[in-house]
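Reading through the structure tokens given below for one structure.
Residues: numbered from 1 along the sequence shown.
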Amino acid sequence: MVNVTDGYGSSILGYPRIGPHRELKRALEAYWRGGASRDELLAVGRDIQERQFNELAATGLTQVPGNTFSFYDHVLDNALLFGAVPTRFKPLQDELDPLDFYFLMARGRPDLPPLELVRFFGTAYHYRQPELDESTEFSLHPEALLDEFDRAKERDIELRPVVLGPLSLLLLSKAGHVPGEAEFDTLSLLDKLLPVYEQLFEILAKRGATCVQLDEPCFTGERSPAELAAFDKAYQRLSKAPLRPRMLVTGQYGDFGEALTILAGTNVEAIGLDLASFRVDPEELAKVPGIRRKRLYAGVISGLNVWRADRFVTLSYLNELAKVCPDLVVSTGATLLHVPYDVLAEYDIEGNVADRLAFAKQKVGEVVSLAKALTEGPSEKWRKRPTEVHFKQKHAVRQRVYAVTPGMRERAPYEVRREAQQRKLNLPPVPATTLGSFPQATRIRQARHDLGEGRLSYAEYRKKIEAEIEATIRLQEDIGLDVLVHGEHERNDMIQYFAELLDGFATTRFGWVQVYGSRCVRPPIIYGDVSRPAPMSVEWITYAQSLTDKPVKGMVTGPVTMIARSFVRQDQPLFETADQVALAIRDEVVDLERAGISIIQVDEPAIREMLPARPVGRAEYLRWAVGAFRLATSGVRPETQIHTHINYSGRAEVVEAIDQLDADVTALVATRSIEWVLKALKDDCASGHGLSHGVGPGVYESRSARIPDIDEIDELLTAAAEAVTPERLWANPDGGLKTRHYWQLEPSLRNMVAAARRVRRRAMSAE
């Protein structure tokens, strides 16, 4: 730890780990398909670790985080660090190599589903949710953490090990439940878990570690009095452990709120605040009892966006903070896991945009530069304010947004639409469909790459895509689906595809961000006013529709999801940007209808994910998010059926907001937790605020290799029909099928269709 007399410290809370050139992705996929050995994979992991801590130490950071690398997911790593192996996996633990056992939990196998994949605090990242039950016992397994610590120490670099805090580990886990017994609360395991954390502290202290970082992101959201009491209990105890390093407890992804006051009253030495996400007034911070005695990790550099900080404004704020907390470390507000590595690798982003950007490497530089300026005062270079860079504005786009009227967000009443759609589509009860994407062959990915490199003409590329679309249509007809999709073979990603075709978006070549495991995306950057120069999907959807008499869905990404999974401009309110994107999507939806497409799916999986973690701001967010979706979808006639695909939440205000979207059919993502979703649907309907339109609750998990049987899907559909009635029920997977193989996809869909027909026959015979 750096003494304040030596100047203000600098640190970050985490770093990207997939490798600057996605080395880990390639090594993982080679290992999984049998093309690389265990030792080769481990060597790649060690190389990424060592390059990272060597480079970070060389930047001038006074503290370097460790234990941030993972072969798949850091939440799963932390569960295994403390021996939390799910009961259903334990019989296999001694039969498999530890690395293969780890991947089994993360990836599953046909007869054993993996741990559930859950989005991490509104970011693009997903974690594998640990499973805990009453029988869970904890034990310490720190070998990987200590190995990295020792390797760094050999190079005279002391790492600050990063560990998920005990409360967040329990709260992020899924509670196992035995039918007929009382609900299990994962926090009831806290007394079992804390001694194992104390064991880890003792080992680290004896190893020479002077500080350990405990991340408690769950406490930047709304927590119950019981959860806050458990937080207080845990840190009162851990901070009094007899032998331990100093403790840094961080609150990433928002406002630490009540947890800050609790920590300030313990013996914890340091507290990290995400001041980039939630700017705390120094005068208000000074009112927190005990805060002046703590080391404050001032997270003024965002780990969640790619925009340069205004160094003058930020330095002024840091100077005010230093008056309250003189022992101050300049830091990132969150781990840099969620941003790309290096903006200097992007050679073709427009200069006016590139000048505003800071990826992970540049953010480290910002942290070091701010700490130096805070200690020594700004240099002469600092005093020269850089040339002002403005976001790109289009008068026509702004005028169109300002001209939006309430009527542009309204459609005919649902019952009127339902009758018109049934006359036009004549669909049976419980129609079976999928949610968009089908597997992409290597030849198609190569064709898309060759088109971008100029090695393939557009006419040649189109022929290849049309061949894939036709094969996908024929397969769906053979399976017996009632509503078809074109398969999205022309799309690299549901966000990037549209971003590349919209004005106001920039896309990167190497700006990869890890989503989970080896899966990475390149989030676009919204840098200016958004508009649609030309139709984006019409030619592909209409070609698919020309091949069949069954309806083919048009597939478009919704405005809220487009901004949630992009790095968004910060010079205007989010609702303005959302409406700009919504108007562009509206143009696409109207063009699809004009081209003869009768069903259009506007996906909004992120609308729940962007919900503020605390009650303040939720109502306003849902108001503009719902308004943007309705603006995008209300330009079509009553007989055109609008679908959406969304992550379900039992939170009452979100259920109400989903209904307010006014989509004709809503597909829900929640297969692995479908029992509570079905219960919530029943409860919602009974209370009068449930989903009142068509519902597809997602009857098998699209990200799993497991093939569900007919009886299993039948049981789920039957339960769903009891909640929402067969007339409003749809049968569908819980997501796209892009990551699956056809040998997994085809039998799963055939079983789903067979189950849907069973439910349909029973419903029709009961009439």
- Query: Do other residues, nucleotides or ligands put more than 12 heavy atoms under 6.0 Å from the CZ atom of Arg279?
  - Reply: yes
Has [X] got a side-chain atom pairing as donor or acceptor with [Y]'s backbone, closer than 3.5 angstrom?
X: Glu366; Y: Ile301; value: no
X: Lys294; Y: Val268; value: yes
X: Glu222; Y: Ala613; value: no
X: Thr136; Y: Asp133; value: yes
X: Arg119; Y: Thr123; value: yes
X: Arg623; Y: Ala619; value: no
X: Tyr341; Y: Phe359; value: no
X: Trp307; Y: Phe567; value: no
X: Asp215; Y: Pro217; value: no
X: Asn78; Y: Leu164; value: yes

Flag side-chain contact, heavy atom, 4.5 Å: [X] against [Y]:
X: Pro523; Y: Val521; value: yes
X: Leu140; Y: Ile203; value: yes
X: Pro166; Y: Leu238; value: yes
X: Leu80; Y: Val85; value: yes
X: Leu260; Y: Ile291; value: yes
X: Gln52; Y: Thr68; value: yes
X: Arg244; Y: Ser239; value: yes
X: Pro65; Y: Ile12; value: yes

Can you give me the closest heavy-atom contact between [X] and [Y], atom names plus distance?
X: Leu321; Y: Leu328; answer: CB-CD1, 3.7 Å
X: Tyr102; Y: Asp77; answer: OH-OD1, 2.6 Å
X: Gln213; Y: Leu13; answer: NE2-O, 3.3 Å
X: Met247; Y: Glu269; answer: N-OE1, 2.9 Å
X: Pro161; Y: Leu204; answer: CG-CD2, 4.0 Å
X: Tyr125; Y: Gln514; answer: CD1-O, 3.7 Å

Before accepting this row, confirm whether a basic side-chain N of the pair [X]/[Y] lies closer than 4.0 Å to the acidic partner's carboxylate O.
X: Arg128; Y: Glu116; result: no
X: Glu609; Y: Arg565; result: yes
X: Glu283; Y: Lys287; result: no

- Message: Holding to side chain to side chain donor-acceptor pair (under 3.5 Å), I want the full list of residues that pass it with Asp150, two or more places apart in sequence or in another chain.
- Response: Arg207
Pair [X], [Y]: side-chain N/O donor-acceptor within cut-off below 3.5 Å:
X: Gln199; Y: Ser139; value: no
X: Gln572; Y: Thr577; value: yes
X: Gln236; Y: Thr266; value: no
X: Asp327; Y: Tyr8; value: no
X: Ser10; Y: Tyr297; value: no
X: Glu148; Y: Asn67; value: no
X: Ser11; Y: Arg160; value: yes
X: Arg17; Y: His74; value: yes
X: Thr87; Y: Glu131; value: no

- Task: Determine the sole option in Thr220, Leu285, Thr250 for which the side-chain contact (heavy atoms from CB on, under 4.5 Å) test with Leu273 is passed.
- Result: Leu285
- Message: Run Val300 and Leu275 through side-chain contact (heavy atoms from CB on, under 4.5 Å) and show every step you take.
- Response: CA-CA 5 Å; Val300 292; Leu275 300 173; 4.2 Å; yes
- side-chain contact (heavy atoms from CB on, under 4.5 Å) between Val118 and His126: does it pass, once the steps are laid out? CA-CA 5 Å; Val118 180; His126 294 67; over 6 Å; no
In Å, rounded to the nearest 0.5 Å, how long is the span from [atom1] of [X] to [atom2] of [Y]?
X: Leu167; Y: Lys233; atom1: CG; atom2: NZ; result: 10.0 Å
X: Leu76; Y: Tyr127; atom1: CG; atom2: OH; result: 11.5 Å
X: Ile563; Y: Ser566; atom1: CD1; atom2: OG; result: 8.5 Å
X: Leu61; Y: Glu55; atom1: CG; atom2: CD; result: 12.0 Å
X: Leu337; Y: Thr332; atom1: CG; atom2: OG1; result: 11.5 Å
X: Ser331; Y: Asp274; atom1: OG; atom2: CG; result: 9.0 Å

- Message: If you apply the rule side-chain contact (heavy atoms from CB on, under 4.5 Å), what do you find for Ile607 with Tyr621, and how did you get there?
- Response: CA-CA 10 Å; Ile607 201 166; Tyr621 161 70; 3.7 Å; yes
- Hits for side-chain contact (heavy atoms from CB on, under 4.5 Å) against Arg155, two or more places apart or cross-chain, chain-then-number order -> Glu50, Phe53, Asn54, Arg151, Ile157
- Item | Aromatic ring proximity Tyr253/Phe120, centre distance under 6.0 Å | yes
- Quick check, are the ring centers of Phe256 and Phe278 under 6.0 angstrom apart? no
- Query: Please walk me through it: do Arg223 and Cys218 pass side-chain contact (heavy atoms from CB on, under 4.5 Å)?
  - Reply: CA-CA 8 Å; Arg223 305 297 353 161; Cys218 286; 3.7 Å; yes
- Task: Just grab all the ring pair (Phe, Tyr, Trp, His ring centres under 6.0 Å) pairs involving residues 220-245, residues at least two apart or on different chains.
- Result: Phe219-Phe231, Phe231-Tyr235
